[in-house]
Amino acid sequence: MPQILLKLIELCQADEAGMAELAKLIANDAGMTTKVLSVANSAAYHRGGRKVGLVQALSVLGSDMIKTLVISESVFQTFNGFPHSGSTDLRSFWKHSLTAAVMAREIAKKMGYPHTEEAYLAGLLHDVGRLALLAAAPNEYGSNFLARDDASLCAVEQRTLQISHADAGAWLIERWNLDSFMADSTLYHHESTARLEAAHPLIRIIHLAQLLSSHDPELPLSADAGALCKIGVDDLSIICHGAAAQVKKAAEYLGIDLSGVDDLVAPPAHAPVAPVVDLAQQRLTEEVRNMALSAELGQSLARQKGDAQLLDVVRQNARILFNLENTIILLMNESGQALVGVSFGEQQQQQRLAEFSIALSGGGGIAGSALQRRLAFLERDGGQHGLAEEQLLRIFKAECLVCVPIASGKRCLGMLVGGVAAWRVADLKRREKFLQSFGAQAATALEAATRDRGEIDQRIASLKEDYRESSLRVVHEVNNPLGIIKNYLGVLDGKLTRQEPVADELQILNEEIDRVGNIMNEFAGVAPKIQDGVTEINRVVNDLVRLFRESKFLPPSVEIIARMSEQAAEIDGPVNILKQILVNLLKNAIEALPRGGHIEINNNGRVHRDGRVFFELCIKDDGPGMSAEVLANLFSPVRSSKVGQNRGIGLSIVHSLVKGLNGLISCRSTKAGTVFEILLPTRNAVAQGVAPAPNKALARDLRSM
């Protein structure tokens, strides 16, 4: 509806519509200005000479004619904008509408109703619903558009289109934000006189104007024709006789040709003959269509990533497939005792819907549909509803709720609830199987998404655990060289005070600092620099014994003895690996002797095992030994009873390092002490038929620590 009309009605109802305000309003609309000037300069108002401008035109026409022109032209423009209006003969429609408008204004004046322009507009609009139905359903309504405008027409419309032109007109007027009584006057203009005795004056005015405009002028009016508005028959006759001239003048100003319209005979309304339908073929067609749609729907849902995206696509498909504009999705909570709303976006209504929670034990149609996993239609007047159902009916402004279980097998994952008008229920019930299938497809996709998310969560948890174990290994191994560095700084301080040489200590500090760097690089994924060098076991053991004796690692109550063979004991592999193995074992042995004791490191020389040649190293302590439970999981990364963090993984690291050197490690423990036996392949292992571990494999084992 043009804004100029809405502003004009607002001015008129304020009783302050002076000429200045009207001129300012009309000047903003070029089309309306042209219409006013053309009428003012017509033969009816202008007498020769120079043509008048807008201000003069308004003075010539007067406020009443200006209001009539603006209202009529606005409605004329609006009506001509409806689809199919240009291809339909609207002369009878315009005559009837203009007649009702003129009579409504005269009835309003006779009753003393102050808003005569509002009555005129309401009379023009009372049949606008017929144009709306023609625009929406030209094939179904085309034949009835020219039918007589009476109560039987509304019945035929309701039966064939599930809506009458009175309903459609009232809805349209509300969409234009016009006064609510104007919408009601359109809605009730075919109601019985008895029902409208206490109605608003505008409703009674339009009802009477409709009766008078449809009355055959050749027949006399009934004695009580004007009783609803308390107007006598004589006054009604005057109104009827005077209306024709005003209608003719208004039609001329609007450019509507009414010639010959009185010769047209309006036929009675009739319901179109329904074509013969093969019900079996129709049902088969629907089933095939539903199967195709279900297959496509399943593929569409399966492609979605994440619950939020999936549920949003479910809502979109519900709108497309079933015309469910207003919906809410409720998902079962973790306990399976309640349905909880899901939010989609930032809109206030969506936020409100997300706050919904329906307890399954509380009863109600939605809870019952979820428990039975069956489709349900909850009509507004269909029985006792719970609070949630009443709230949703009000929020959706609906007459019925369609409840679709999102169910798979015997498990209900949630509900899709949509609001619809009552006239749509019959169609949706015919598609009940498809609605059930829709809910099952959504449930299958939701289950798959939940399953995928569970697998992803497991993978993430596994990666977290791997990272945690790697972190613990790094912390454990870094603590060893850091402890050595700390203790040797104390040794270095003492030697510097005594002005003794410190070259050996500085070399050890450099080696340990490099070892810290290597460990951190391995943790960061940088490949360690493994050299194909030779490690001399005796030298490494002697250096470590001296290191422990000189540093503060070794308590005064603990004695370390190293018995090395005179024969050279060379193995393939970097020095740091053997050093790392021995540091872990020596530290464990020291911790097993809190009251003091002895630790022996013996190089037993070459030994033969399973046709292979090894060097045998034994690390022995005379502590209290280990329990059978500890021995059973000795080389697994488990928590020990030692005080502090990162305990219980040192021996698992030792096991990995020995294995990386193609060696073997075993342990014997009694109440008399513990012995670790390490077998490392000799340098001539290739000659004995045993290939040493390649550098890449050793690097991989180091990175996995």
Side-chain angles (χ1 to χ4, degrees), residues 75-76 78-101 103-104 122-176 182-193 195 206-217 219 247 251 256-258 260-277 323 421-427:
V75 173
F76 181 74
T78 301
F79 283 6
N80 283 345
F82 277 84
H84 310 293
S85 60
S87 58
T88 305
D89 187 352
L90 299 181
R91 290 180 300 163
S92 296
F93 175 83
W94 270 116
K95 182 182 180 183
H96 180 70
S97 297
L98 285 170
T99 302
M103 289 182 172
L124 278 177
L125 295 178
H126 82 283
D127 265 351
V128 67
R130 300 187 71 176
L131 282 175
L133 294 181
L134 179 66
N139 295 330
E140 295 85 349
Y141 192 66
S143 59
N144 283 325
F145 179 75
L146 300 175
R148 285 197 296 267
D149 185 16
D150 51 24
S152 63
L153 174 63
C154 292
V156 171
E157 291 167 343
Q158 194 70 46
R159 190 164 64 252
T160 57
L161 300 175
Q162 290 78 50
I163 186 173
S164 71
H165 72 274
D167 294 321
W171 174 84
L172 194 57
I173 291 171
E174 287 180 343
R175 289 288 297 269
W176 285 334
M182 194 173 299
D184 289 344
S185 69
T186 298
L187 181 63
Y188 299 119
H189 74 269
H190 280 301
E191 282 288 340
S192 64
T193 302
R195 287 196 65 195
I206 299 305
H207 180 78
L208 179 56
Q210 149 66 21
L211 290 177
L212 294 179
S213 61
S214 301
H215 182 71
D216 187 345
L219 300 177
V247 169
I256 301 172
D257 182 11
L258 296 181
V261 71
D262 293 333
D263 298 331
L264 300 176
V265 178
H270 68 282
V273 178
V276 178
V277 178
N323 198 24
W423 63 270
R424 294 199 56 232
V425 173
D427 177 61

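Keep in mind that this is a model prediction, so the values were computed, not measured.
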Roughly how far apart are S92 OG and D149 CG, rounded to 0.5 Å? 11.5 Å
Going from NE2 on H126 to OG on S213, what distance comes out if it is rounded to the nearest 0.5 angstrom? 5.0 Å
Give the minimum heavy-atom separation between A170 and A183, together with the two atoms involved. CB-O, 3.5 Å
Check the pair D427 / Q162 against side chain to side chain contact (heavy atoms under 4.5 Å, CB included), numbers first and verdict last. CA-CA 12 Å; D427 177 61; Q162 290 78 50; over 6 Å; no
Going by heavy atoms in the side chains, are Q210 and H96 under 4.5 Å from each other? yes
Distance from T99 atom OG1 to H215 atom NE2, nearest 0.5 Å? 13.5 Å
Would you call Q158 and D167 a side-chain contact if the rule is heavy atoms closer than 4.5 Å? yes
Check: N144 and L133 side chains under 4.5 Å, non-hydrogen atoms: no
How would you list, by chain and number, every residue that makes a ring-ring contact (aromatic ring centres under 6.0 Å, His included) with F93, sequence neighbours excluded? F79, F145
Closest non-hydrogen atoms of A166 and H189, given as atom of the first, atom of the second and distance, are CB-CE1, 4.1 Å
Quick note, salt bridge (charged side-chain N to carboxylate O under 4.0 Å, His left out) partners involving residues 184-193, not counting sequence neighbours, are E191-R195
Give the minimum heavy-atom separation between A135 and F82, together with the two atoms involved. CB-CD2, 4.2 Å
Heavy atoms, side chains only, cut-off 4.5 Å: are T186 and I206 in contact? no
To the nearest 0.5 Å, tell me how far L131 CG sits from L172 CG. 9.5 Å
Taking all non-hydrogen atoms of both residues, which atom of A100 and which atom of G123 are closest, and how far apart? CB-O, 3.8 Å
Please indicate whether Y141 has more than 12 foreign heavy atoms, meaning atoms of other residues, nucleotides or ligands, lying under 6.0 Å from its OH. yes
H190 side chain reached by L153 side chain, heavy atoms, under 4.5 Å: no
Walk me through it: do L187 and I173 pass the test side chain to side chain contact (heavy atoms under 4.5 Å, CB included)? CA-CA 10 Å; L187 181 63; I173 291 171; over 6 Å; no
I want to check something: taking the side chain as every heavy atom from C-beta on, are L161 and E140 in contact at a cut-off of under 4.5 Å? yes
Could you grab the distance from atom CZ of R91 to atom CD1 of I256, nearest 0.5 Å is fine? 11.5 Å
